[in-house]
Amino acid sequence: MGAWAITIHGGAGVDPNLPMERQEQAKAVLARCLEIGISALRSGAAALDVAEMVVRELETDPIFNSGRGSALTALGTVEMEASIMDGRGRRCGAVSGLSTVKNPVSLARLVMDKSPHSYLAFSGAEDFARSQGVETIDNSYFITDENVGMLKLAKEANSIMFDYRVPIDNNTNNTCGAIAGSIVNNTIDNTTTIQMNGLPISIYAPE
Amino acid sequence: TVGCAVVDTEGNTAAATSTGGLMNKMSGRIGDSPLIGAGTYACNLCAVSCTGEGEAIIRATLARDVAALMEYKGLGLQEAVDYVINERLDEGKAGLIAVSNAGEVAYGFNTVGMFRGSATQNGFMEVAIWE
């Protein structure tokens with residue numbers, strides 16, 4: 001019998017000026033979700049079930065960018081994605097482009113367990129969700145006022161932000177604000193070079 | 001983005017990642033989180049979940065690289081995590097969490113902070129944001 005272990009994250013790239021009460025709020029959610037995983041492991045639950053259970057809890061809380069509280073597309077909608085992988089046999093399941101499935105990670109698990117594929121996306125994934133009877137809900141459930149405000153900021157800065165918690169930085173010497181998470185349309189010699197995450201889009205050319 | 005990596009008392013590992021993606025992203029854009037080997041990976045040695053700039057994580061096949069360094073070069077979990085964060089991201093910004101089949105936990109990030117929490121059977125527990 002080996003020793004169990006669990007680790008979780010709520011996203012990388014944090015606003016260095018995040019107010020203390022927001023930091024405490026985020027830590028409280030992380031601690032609560034960790035406890036759920038710990039007690040399941042103590043009672044002998046399988047790693048795969050614990051991973052799904054904990055990510056479901058993180059998706060349900062609006063504080064992090066997943067499920068309820070997801071970042072918004074340029075259209076102001078939510079398109080969620082998730083994946084899960086079982087180290088035993090390296091089985092896996094993934095979904096993208098979900099707009100009504102309450103817990104994307106559980107649909108990814110069903111793709112792994114109940115479909116002949118490992119990845120379903122957009123309308124195919126939504127159809128599969130209905131065929132499996134998973135809980136679906138109107139897209140508005142996932143949209144928070146805070147994120148509507150963040151999207152407005154991003155649009156004003158003509159940027160795509162990898163972590164929308166980091167505000168657009170005006171003074172460029174504070175690189176974390178300038179680089180982390182904002183794409184700004186730079187005009188150099190009157191030609192616009194689009195950037196993503198503070199880098200020339202060209203490095204993402206393969207992408 | 002949220003994620004979890006777990007090893008149970010049988011030594012089996014699993015990882016899961018879920019996200020809304022990028023704020024103001026184009027409709028139809030797919031990031032690293034659903035891509036097995038990039039944002040999520042699990043095998044008999046370890047389990048990994050990544051977060052950050054999806055395009056950089058995809059190009060680096062970040063999650064699979066942690067497992068490959070352990071499998072082919074015999075690196076320990078934290079060593080493998082440190083290597084991929086420091087050497088494989090080019091100018092990209094990302095973070096990841098990982099467990100090994102031996103009950104270890106590890107994390108790494110080159111961003112400003114990462115929301116994270118870890119616990120092991122021998123009583124270790126940590127919830128943190130900054131370095």
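Here the structure is a predicted model, which means the values were calculated and not measured. Residue numbers begin at 1 in each chain, while the letters A, B, ... track the order of the sequences.
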Which bit of B/Ala98 comes within less than 4.5 Å of chain A, counting heavy atoms only: side chain, backbone, both or neither? backbone
Counting only N and O atoms by type, is there a donor-acceptor contact under 3.5 Å from the side chain of A/Glu79 to the main-chain atoms of B/Gly28? yes
A side-chain contact here means heavy atoms from C-beta on lying under 4.5 Å apart; do A/His9 and B/Ser49 qualify? yes
Check the side chains of A/Glu81 and B/Ser33 for a donor-acceptor pair under 3.5 angstrom, ignoring hydrogens and angles. no
When you look at CG of B/Asn122, are more than 12 heavy atoms from neighbouring residues, nucleotides or ligands closer to it than 6.0 Å? yes
Heavy-atom closest contact (B/Ala42 atom, A/Arg90 atom, distance): O-CG, 3.4 Å
Selection from B/Ala67, B/Gly31, B/Ala128, B/Gly39 maximising heavy-atom pairs under 4.5 Å formed with chain A: B/Gly31
Quick one, A/Leu18 and B/Phe115 - any side-chain contact, counting heavy atoms below 4.5 Å? yes
Can you say whether A/Ala108 sits under 4.5 Å from chain B via the side chain, the backbone, both, or neither, judging by heavy atoms? neither
Does a sphere of radius 6.0 Å around CE in B/Met125 hold more than 12 heavy atoms from other residues, nucleotides or ligands, not counting ones at 6.0 Å or beyond? yes
Minimum side-chain heavy-atom gap A/Gln23-B/Trp130 below 4.5 Å: yes
Rounded to the nearest 0.5 Å, what separation is found between the CE atom of A/Met150 and the CG atom of B/Asn24? 11.0 Å
A/Ile38 portion near chain B, given a 4.5 angstrom heavy-atom threshold: side chain
Flag the one option from A/Arg88, A/Arg109, A/Glu59, A/Glu35 with the top tally of heavy-atom pairs under 4.5 Å to chain B. A/Arg88
So do the side chains of A/Met85 and B/Tyr41 get within less than 4.5 Å of each other, counting heavy atoms only? yes
Using non-hydrogen atoms only, which part of A/Val54 is less than 4.5 Å away from chain B: side chain, backbone, both, or neither? side chain
Measure the spacing between CG of A/Asn65 and OG1 of B/Thr1 and express it to the nearest 0.5 Å. 5.0 Å
The interface call for B/Ile97 against chain A, heavy-atom contacts under 4.5 Å, is both
Given side-chain contact (heavy atoms from CB on, under 4.5 Å), test A/Leu34 with B/Val127 step by step and report yes or no. CA-CA 9 Å; A/Leu34 205 53; B/Val127 173; 4.2 Å; yes
Are the side chains of A/Tyr119 and B/Leu35 in contact, using a 4.5 Å heavy-atom criterion? yes
As an exercise, state the distance from CE of B/Met23 to NZ of A/Lys152, rounded to the nearest 0.5 Å. 13.0 Å
In terms of heavy-atom pairs under 4.5 Å with chain A, the winner among B/Pro34, B/Ser18, B/Gly95, B/Ala5 is B/Pro34
Check the pair A/Lys27 / B/Ile129 against side-chain contact (heavy atoms from CB on, under 4.5 Å), numbers first and verdict last. CA-CA 8 Å; A/Lys27 284 183 178 178; B/Ile129 298 175; 4.1 Å; yes
Heavy atoms only, distances under 4.5 angstrom: which of B/Ala106, B/Ala102, B/Ser100, B/Ala14 has the most pairs with chain A? Name it, please. B/Ala14
Counting only N and O atoms by type, is there a donor-acceptor contact under 3.5 Å from the side chain of A/Thr7 to the main-chain atoms of B/Gly117? yes
Which heavy-atom pair separates A/Gly10 from B/Val2 by the least distance, and what is that distance? CA-CG1, 4.2 Å
For the student: nearest non-hydrogen atoms of B/Gly103 and A/Ala5, plus distance: O-CB, 3.4 Å
Contact origin within B/Ala119 toward chain A - heavy atom pairs under 4.5 Å: both
Counting heavy-atom pairs under 4.5 angstrom with chain B, the leader among A/Gly97, A/Ser96, A/Gly37, A/Ala74 is A/Ala74
Are B/Met114 and A/Val14 close enough, and set up right, to give a side-chain contact (heavy atoms from CB on, under 4.5 Å), and what steps lead you there? CA-CA 6 Å; B/Met114 176 168 76; A/Val14 184; 5.7 Å; no
The test is side-chain contact (heavy atoms from CB on, under 4.5 Å); show your working for A/Leu41 and B/Val6 and say whether it passes. CA-CA 9 Å; A/Leu41 285 163; B/Val6 189; 3.7 Å; yes
A/Phe122 and B/Ile30 have their tightest heavy-atom pair at CE1-CD1, 4.2 Å
Identify the heavy atoms of B/Cys4 and A/Ile8 that sit nearest to each other, and give their distance. SG-CG2, 3.9 Å
Side chain, backbone, both or neither: which part of B/Cys50 has a heavy atom under 4.5 Å from chain A? backbone
Determine, stepwise, if the pair A/Ser83 / B/Thr40 fulfils side-chain hydrogen bond (donor to acceptor under 3.5 Å, both in side chains). CA-CA 7 Å; A/Ser83 62; B/Thr40 303; 2.7 Å; yes
Turns out that what part of A/Ala40 lies under 4.5 Å from chain B's heavy atoms comes down to neither
Keeping the roles fixed (side chain from B/Asp8, backbone from A/Ala46), state whether a donor-acceptor pair exists under 3.5 Å. no
Write down the atom of A/Trp4, the atom of B/Thr9, and the distance for their closest heavy-atom approach. CD1-CG2, 3.8 Å
